[in-house]
Amino acid sequence: SFVGPDISLAEVLSSSGSMGPLQGGMPLSWKDTVPQSRYIREAGVRQFLSTYRRVKDIENDRLFYGDEIEYSLVKVDEQKREVRISLRGGEVMEELNRRETNADNRNSYGGCTWHQEYGSWMLEGTPAMPFGGYTSSLLQVEHSMRLRRARLYKVLPEDEIAPTMVIFPLMGVGDFVHPPAAPGGPASLSDSVPDSCINPHPRFATLTANIRERRGSKVDIRVPLFKDEHTEGEEVLMDCMAFGMGCCCLQVTFQGSDVDESRYLYDQLATLAPVMLALTAASPIFKGKLVDTDVRWQVISSAVDDRTPAERGEKSSATADDRCAGGAVSRLSKSRYDSVSTYISDTAHATDEVSAYYNDVPCEIDEKIQADLIKEGIAKPLARHVAHLFVRDPLVAFEGAIEELDDETSTEHFESLNSTNWQSMRWKPPPPQTKCGPHIGWRTEFRSMEVQLTDFENAAFTAFVVLVTRVLLVFDLEFLMPLSKVDENMRRAHKINAVNTSKFWFRKHVVPGDQNESKARPSRTESDECEEMSMAEIMNGKGSFPGLLPLCYAYLDHIKCDDTSMIRIREYLTFIQKRSTGDLVTPATWMRRFVTGHPEYKRDSVVSQGIAFDLLHACNKIGLGHRAEPSLLGDVVIAPISKVANDTHLHSAASEEARVKLLDQIKRRATLADGPGSAPSAPLRKRMRSCDQG
């Protein structure tokens, strides 16, 4: 079976967190990590080979999928009209998991699992079990998301909220944390963010410090300001990893039937990543300013950019350090957090001509690793992918867990690189099988979407991406296009209101080979061509391209989707259609309008405490279903969410407390007339009926 007792979604679908597994040993400083870097990279390759040999023949796995949503805790001062991030993420997570452990449904669709995140004000919620491959499961997604929100709010005090916003708008502005703390610290050296914002697990502070020390300076995040009538300055400058890794997102992971299917989905969905980033745009504010972008992606990319000046292409007198990947001087065209740089399926490398056409962006690789993997029987596209991941150094190593690991059974060194290449897609080989543990197959993670204000929106986009994967597989379609076009789409997705103002490159014909044939083409043909389309055209169709939404409907019709499921799925797809055409706005557009229309706004791009206070309250109420916003949701009504306890049990055995309470209540129904010395022939019920008749 895919899952078993006491297996969380994180274990099943992720097998490692967004930044790798949390170890128990002490993490090494960068100075102590460098001498271990070569060994870790070489061992990581050995671990990948061992894993691949063990699981390469897995086939016929069924579809399982799951979502991950990140939450931010916010402290609210109603008297002063101020908001601050609440650094209680770990405490709240422990309490939530304690309650889940005590609940009977922890291993069912009614259960939730809570995980650590980078920020000490953050936590991540997932369903306790992955969703199955039935249309009815698409309805369970929203139920699970609502349950998570309700359970989170149950453990929060009255002065804390947890709206699903990408970034806290006053991050890095003045006194923005609770409890108060001075900016900086040994990990970040930030001028505006205290180290207390970093998760207290030693891994996260070490990660922060090691990125800074490897690059030779603090991270350098620059976002252009939104220009209003009285705006001063050109950029918002940020100097701390927390500005990026403090962003919340919506991620979806799928299990493929085998390794080839997982590689195919990786490639096909990579072309959709920028489109879905733009369609879910929700990040118009950074460091207390309206900015000239609507999405988070480039902020995070800069926040974890560990490249040295030489690797970034800047002039440098640094000499090569043979202990580091590429000597720490070889040119690297992208940050560790960016769009993919190579396709990994055989389709995208069918011939040299096809490979050159699709894989037309710089993709630095470790030539020796690629050659060694090919020699060991790994397909060249996959060998290239792994060799590309391993041009980076491991960022965190743990004392006592380097040469001590068994490369035949461990994957920790491989994951130390795989899980810290934060690309728009992530390919996940099956983790080591544990005794009596679940079977976990080949997985693909879709990573570009921004978290939305409501569970309806998050569920709609999750369902849509799941449906697109089925469309691709059942109809055997092709979304591939040159990666240079994908990268260009990623740049265009950053524009304000990109949904309505930008055009995106997309494939003209989605049937591979000749557009009238379904067989694979031997070389590049006219069907490989792409053109610029609006978001509405990508979703609803243009010319010979049918559109993603009509394809989803065609699939649902093909499988004869049941009427009950179809009602809600149609609401999801209609919502996405309306957002793609501009009939409904993105959260970013709604927030920008909220700020610029606020009575305290001075047309200077500044988001004051008062504006932020009202904005967070509004976002929180929208998420809880306590405030309607037709411009965001149209006629969709969000059922109110209240602070509920974990599911109330339907007890089959009476408790002593309940029995005593009931007996006391029953005894109070009697009268003195039925007390000592009374005749048994005239009980209360009989007398009452006599009175009624009289």
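Quantities reported herein were computed from a predicted structural model and do not represent experimental measurements. Start at 1 with the first residue, then count along the sequence.
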- Hey, which of Gln251, His115, Glu68 is the one that makes side-chain hydrogen bond (donor to acceptor under 3.5 Å, both in side chains) with Thr126? His115
- Quick one: do the Thr208 and Tyr118 side chains pair a donor with an acceptor below 3.5 Å? yes
- Message: With side chain to side chain contact (heavy atoms under 4.5 Å, CB included) as the test, pick out the partner of Leu250 among Thr164, Thr462, Val166, Thr280.
- Response: Thr462
- Would you tell me whether Asn199 and Gln116 have side-chain atoms, one donor and one acceptor, within less than 3.5 Å of each other? yes
- Task: Before accepting this row, confirm whether a basic side-chain N of the pair Lys602/Glu229 lies closer than 4.0 Å to the acidic partner's carboxylate O.
- Result: no
- If you measure from the Lys or Arg side-chain nitrogens to the Asp or Glu carboxylate oxygens, is any gap between Arg146 and Asp455 under 4.0 Å? no
- salt_bridge(Lys495, Asp292) N-O dist < 4.0 Å: no
- Query: Is the distance between the ring centroids of Phe286 and Phe168 under 6.0 Å?
  - Reply: no
- Note on the structure: On a heavy-atom basis, the closest approach of Arg447 and Arg296 is O-NH2, 3.2 Å
- Message: Between Asp191 and Lys218, does any NZ, NE, NH1 or NH2 come within less than 4.0 Å of an OD or OE carboxylate oxygen?
- Response: yes
- Message: Between Glu95 and Trp114, is there a side-chain heavy-atom distance shorter than 4.5 Å?
- Response: no
- Listed once per pair and sorted, the salt bridge (Lys or Arg N to Asp or Glu O under 4.0 Å) pairs that draw on residues 584-596, sequence neighbours left out: Asp294-Arg592
Contacts table for residues 176-188: side-chain donor-acceptor under 3.5 angstrom, sequence neighbours left out:
from	atom 1	to	atom 2	distance (Å)
Ser188	OG	Ser190	N	3.2
Ser188	OG	Asp195	OD1	2.7

- Message: Ignoring hydrogens, what is the shortest heavy-atom contact between Val585 and Leu632? Give both atom names and the distance.
- Response: O-CD2, 3.6 Å
- Query: Between Arg222 and Asp220, is there a side-chain N and carboxylate O pair less than 4.0 Å apart?
  - Reply: yes
- With a 4.0 Å cut-off, would you call Glu445 and Arg443 a salt bridge? no
- Item | Audit row: Ser137, Tyr65, side-chain hydrogen bond (donor to acceptor under 3.5 Å, both in side chains) steps and yes/no | CA-CA 10 Å; Ser137 72; Tyr65 65 94; 2.7 Å; yes
- Message: Please determine whether a side-chain nitrogen of the Lys or Arg among Asp67 and Arg148 lies less than 4.0 Å from a carboxylate oxygen of the Asp or Glu.
- Response: yes
- Message: If you compare all heavy atoms of Arg203 against all heavy atoms of Phe398, which two are closest, and at what distance to 0.1 Å?
- Response: CG-CZ, 3.8 Å
- Item | Any donor-acceptor N or O pair under 3.5 Å, side chains Tyr337, Asn421 | no
- Side-chain contact, heavy-atom cut-off 4.5 Å: Leu73 with Met122? no
- Query: Should we count CD of Glu232 as having more than 12 external heavy atoms under 6.0 Å?
  - Reply: no
- Message: Checking Tyr601 against Ser608: is there a side-chain donor and acceptor pair closer than 3.5 Å?
- Response: no
- Message: Can you confirm whether Glu600 is buried at CD, in the sense that more than 12 heavy atoms of other residues, nucleotides or ligands lie under 6.0 Å from that atom?
- Response: yes
- Task: Run the salt-bridge test on Arg336 and Asp306 with the 4.0 Å N-O cut-off and return the result as yes or no.
- Result: yes
- Does a side chain donor of either Ser339 or Asp487 reach within less than 3.5 Å of an acceptor in the other side chain? yes
- Message: Could you check whether any side-chain heavy atom of Gln609 comes within less than 4.5 Å of a side-chain heavy atom of Val83, counting everything from C-beta outward?
- Response: yes
- Query: Is any NZ, NE, NH1 or NH2 atom of the basic residue among Glu94 and Arg98 found under 4.0 Å from an Asp or Glu carboxylate oxygen of the other?
  - Reply: no
- Judged by modelled atom types alone, do Glu450 and Ser283 share a side-chain donor-acceptor pair under 3.5 Å? yes
- Message: Counting C-beta onward and ignoring hydrogens, is there a side-chain heavy-atom pair between Lys428 and Phe254 closer than 4.5 Å?
- Response: no
- Message: Can you tell whether the side chains of Asp77 and Arg84 come within less than 4.0 Å, N to carboxylate O?
- Response: no
- Query: Is it true that Glu100 and Arg151 have a side-chain N and a carboxylate O under 4.0 angstrom from each other?
  - Reply: yes
- Check the angle between the aromatic planes of Phe594 and Trp590 and answer parallel, tilted or perpendicular using the 30° and 60° thresholds. tilted
- Heavy-atom check, side chain of Ser192 versus side chain of Lys287, under 4.5 Å: yes
- Please find out if less than 6.0 Å separates the ring center of Tyr572 from that of Phe456. yes
- Query: Going through the distances and angles, do Thr454 and Glu457 end up as a side-chain hydrogen bond (donor to acceptor under 3.5 Å, both in side chains)?
  - Reply: CA-CA 5 Å; Thr454 69; Glu457 296 165 277; 2.7 Å; yes
- Task: Could you pull out the closest heavy-atom pair between Asp228 and Arg603, with the gap in Å?
- Result: OD1-NH2, 3.1 Å
- Of all heavy-atom pairs between Gly246 and Ile167, which one has the smallest distance, and what is that distance? O-CD1, 4.0 Å
- Message: The test is ring pair (Phe, Tyr, Trp, His ring centres under 6.0 Å); show your working for Phe575 and Phe461 and say whether it passes.
- Response: CA-CA 10 Å; Phe575 158 73; Phe461 286 116; 5.8 Å; yes
- Task: Taking all non-hydrogen atoms of both residues into account, name the closest pair between Arg149 and Tyr71 and its distance.
- Result: N-OH, 4.3 Å
